[in-house]
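Take a look at the structure below.
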Amino acid sequence: MIIIKPLSQCSFSDALEAFNKGFEDYYLPIELSLDQFTCRFGFDQLSVDHSFMAFYNNTPAGIMLNGIKKVKGKKTCLEWRYKRSPTLPKNGNWRRLTKSYT
C-alpha cells in the first residue's frame, strides 16, 4: 500500500533514502550524503511544507521536492523533483503524489 505524507511529517533520513533510491537505476547513480541533501534545501529554496513523500509498505519509495518563491510579486513554483524508487509498482498510484501538491 502506498501512503503519501507531507515532507514536514517525515525525517530527513527517510527523505534522503527516497531521493537516493530514485537515482538507483540511472546509468551514473547519484547518491547524496545527509549534509549534501539538506544543503540543497537552502540552495534550491526547497520547502518541507510544499514537498511530499511516498511510502510503499512503510518504506520510503518516492519524493517530490518543491519550493515556492515570489518573483515580481507573484508566487512561482521554484523546483519540481520527482524521484520514484524502481521498486515502486507502476500502477498509476504515483500520480497521487503529484495530485497531493495541487
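Because the structure is a prediction, the values reported are computed rather than measured. Along the sequence shown, the residues carry numbers beginning at 1.
To the nearest 0.5 Å, the span separating CG on Asp49 from CD on Gln9 amounts to 10.5 Å. With values rounded to the nearest 0.5 angstrom, Ile4 atom CD1 is found 9.0 Å from Phe52 atom CZ. Distance check: Glu17 CD to Ser11 OG gives 8.5 Å after rounding to the nearest 0.5 Å. Expressed to the nearest 0.5 Å, how far CD1 of Ile68 lies from OG1 of Thr76 amounts to 9.0 Å. In this structure, Lys21 NZ and Glu31 CD are separated by 12.0 Å, a value rounded to the nearest 0.5 Å. Taking CG from Asp14 and CG from Leu7, the interatomic distance works out to 9.5 Å, rounded to the nearest 0.5 Å.
The main-chain N or O of Gly67 is never found under 3.5 Å from a side-chain atom of Ser47 such that the two would form a donor-acceptor pair. Remark: the backbone N or O of Ser33 is paired with a side-chain donor or acceptor of Gln36 at under 3.5 angstrom.
At most 12 heavy atoms of other shown residues, nucleotides or ligands fall within 6.0 angstrom of atom CG in Asn58.
Phe41 and Phe12 have perpendicular rings, their planes meeting at more than 60° on a 0 to 90° scale where under 30° would count as parallel.
Looking only at side-chain heavy atoms (C-beta outward), Arg40 and Leu65 stay at 4.5 Å or farther from each other.
The two residues Ala18 and Ala61 come nearest to each other via the heavy atoms CB-N, 4.4 Å.
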